[in-house]
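Atoms within each ligand, like the ligands themselves, are counted from 1 in listed order.
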Amino acid sequence: MKSLLSAVALTAAALMSSTAVHAADVEVIHWWTSGGEQAAVSVFAREFDASGDKWVDTAIAGGENARSATLQRILGGDPPGAAQFNPGRQYEELIAGGQLLDLTALAEKEGWEKLIRPASISSACLVDGKWWCVPVNIHSWNWAWASTAAFKKAGVELPTSFDDFLAKAPKLKEAGIIPFAIGGESWQINGAFGVLQTSLLGLEKREKILKDKDLELAKAEMPAVFTKWREFKQWSDEGAANRNWNDTTNLVVTDQAGMQIMGDWARGEFGVAGKQPGVDYACLALPVDAPTVSTGGDIFLFPKQSDPAVEEAQLKLASQMISPRVQALFNNAKGSMPVRDDVDMSLADDCMKKGLEIIKNPANIAEDAGRWLSNDTTGQMNDLVAQFWSDDTMTVDAAVAKYVEILQNAD
Ligand code: GAL
């Protein structure tokens, strides 16, 4: 009996010690602070905590703020355990500098390259044969969100194109509705501008301009985009100047505004407000006559740590984030599409299903410009388009000239 007891005691001690070794805190920096974003990031935190380690949440509002805080922390020798970035060139220096945990063994064990679709999502993290981050979702900018009640109150049908929206905007305004909801942050303005560019020029010309830096094509085609973009300004509201994206989305959620061009993270806001697509709002995949999805979204990278227990917990977190269960729960809350198509999407609403249908055809996929443009060039584009939006004295010619100059000097 005595030996049995000591064997049990030994086993328990071993288990405790093995559990004790694995219990680690992982500090995660992200910029998900809106209602929908919080609902989504809580899925990650809850699942990770339930596995025995601890998600230490560092939420910093604003993508640019969160990303620079992460870079500062790493440069300062006090790296977080994980951090959110957008897929693309935002973290190329961290890869080049060898500052990230190599996820290759995990990714190959779990077969990420076969599971993730489209392949361009993998290429954000799989660089020169090694995995340096885990993609967690696909967010598309190419959506407009329209309030059913607002258009009904104005006595007009939901818009079927940008020109149709512009034709109906006066009716929305007459009905006391803000026709076009937009917030004054430069990334919001340039994001919506980019959707208009895709709609007017098509995927091929857009790629030639932004990826191949075809300056002559930009000179020929961008005047029409800037001219059309200015037509939207008159339908925005005075409160736009300093409004964040989710407060802007809330204007559509509460039927105070007619339509917002915004990435499908907006869907998370409708979700937490209990709004139903097709009933309370419409998700218009853009361009309406040839819907596309852009492959934006989010990745998490894991700065190297000195503590083996933390490193083990980092690997566990990466594996959880891309697991079928967490992919389904997280993406349904976030409004994004999962990075793998073998997850249970029975919870998906009609907007998510629309996006999943569009993404099946590679011809409908617009690479996110963040794959081609550095963070610095993106910032210059954001500033230019925001300046053109706010300064009515800036001519189309001046805007195009600056746009071409930015492309010419793009690093
Ligand atoms: C994007 C990010 C989304 C969403 C949005 C607004 O860059 O990919 O997840 O959060 O910012 O914050």
Side-chain angles (χ1 to χ4, degrees), residues 28-45 57-71 82-91 120-121 124-125 133-143 145 181-195 242-250 252-253 260-272 283 293-301 321-322 326-327 329-339 351-352 355 359 366-371 373-375 378-379 381-382:
V28 185
I29 296 181
H30 62 85
W31 62 87
W32 290 330
T33 55
S34 77
E37 292 169 332
Q38 280 290 306
V41 76
S42 307
V43 170
F44 283 153
D57 196 74
T58 300
I60 299 174
E64 197 54 48
N65 302 330
R67 295 190 293 267
S68 44
T70 296
L71 295 174
Q84 173 197 358
F85 281 83
N86 297 120
R89 296 187 55 186
Q90 289 172 357
Y91 43 93
S120 64
I121 299 299
C125 292
C133 53
V134 59
V136 296
N137 62 5
I138 302 169
H139 265 313
S140 171
W141 250 108
N142 297 355
W143 295 92
W145 310 89
I182 190 164
E185 295 167 303
S186 63
W187 70 268
Q188 286 191 56
I189 297 173
N190 192 30
F193 177 80
V195 178
N242 302 308
R243 193 168 49 219
N244 67 29
W245 75 268
N246 43 303
D247 288 343
T248 304
T249 304
N250 191 54
V252 182
V253 170
Q260 179 190 28
I261 299 172
M262 184 48 72
D264 45 19
W265 44 89
R267 198 164 65 80
E269 303 308 299
F270 288 95
V272 286
C283 51
V293 288
S294 64
T295 49
D298 302 290
I299 62 95
F300 278 84
L301 49 77
M321 285 175 152
I322 199 168
V326 174
Q327 274 289 300
L329 292 169
F330 166 76
N331 281 290
N332 277 303
K334 189 71 175 62
S336 41
M337 291 176 274
V339 296
C351 293
M352 166 82 86
I359 204 168
E367 277 274 43
D368 189 83
R371 301 301 186 85
L373 305 176
S374 70
N375 209 33
T378 302
M381 288 279 192
N382 287 352

Taking the six-membered ring for Trp, are W265 and F270 ring centroids under 6.0 Å apart? no
Ring-ring centroid check W143 W145, cutoff 6.0 Å: yes
Looking only at side chains, do E269 and T249 share a donor and an acceptor under 3.5 Å apart?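 No, because no side-chain N or O of E269 sits under 3.5 Å from a partner of the opposite role on T249.
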May I have every N or O pair linking ligand 1 to the protein at under 3.5 Å, one per line with atom names and distance?
unit_1   : atom_1 : unit_2 : atom_2 : d
ligand 1 : 7 (O)  : N86    : ND2    : 2.9
ligand 1 : 8 (O)  : N86    : ND2    : 3.1
ligand 1 : 8 (O)  : G297   : O      : 3.2
ligand 1 : 8 (O)  : D298   : OD1    : 2.7
ligand 1 : 8 (O)  : D298   : OD2    : 3.3
ligand 1 : 9 (O)  : W32    : NE1    : 3.0
ligand 1 : 9 (O)  : D298   : OD1    : 3.3
ligand 1 : 9 (O)  : D298   : OD2    : 2.8
ligand 1 : 9 (O)  : K334   : NZ     : 2.7
ligand 1 : 10 (O) : W32    : NE1    : 3.1
ligand 1 : 10 (O) : E37    : OE2    : 2.5
ligand 1 : 10 (O) : K334   : NZ     : 3.4
ligand 1 : 11 (O) : W31    : NE1    : 3.2
ligand 1 : 12 (O) : W31    : NE1    : 3.4
ligand 1 : 12 (O) : E37    : OE2    : 2.7
ligand 1 : 12 (O) : W245   : NE1    : 3.4

Mind checking ring pair (Phe, Tyr, Trp, His ring centres under 6.0 Å) for F85 and listing every partner two or more places apart, or none if nothing turns up? Y91
Taking every non-hydrogen atom, the tightest pair across R243 and T248: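 Closest pair (atom of R243, atom of T248, distance): NE-OG1, 3.1 Å.
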Any idea how W32 and F330 line up, ring-wise: parallel (<30°), tilted (30 to 60°), or perpendicular (>60°)? tilted
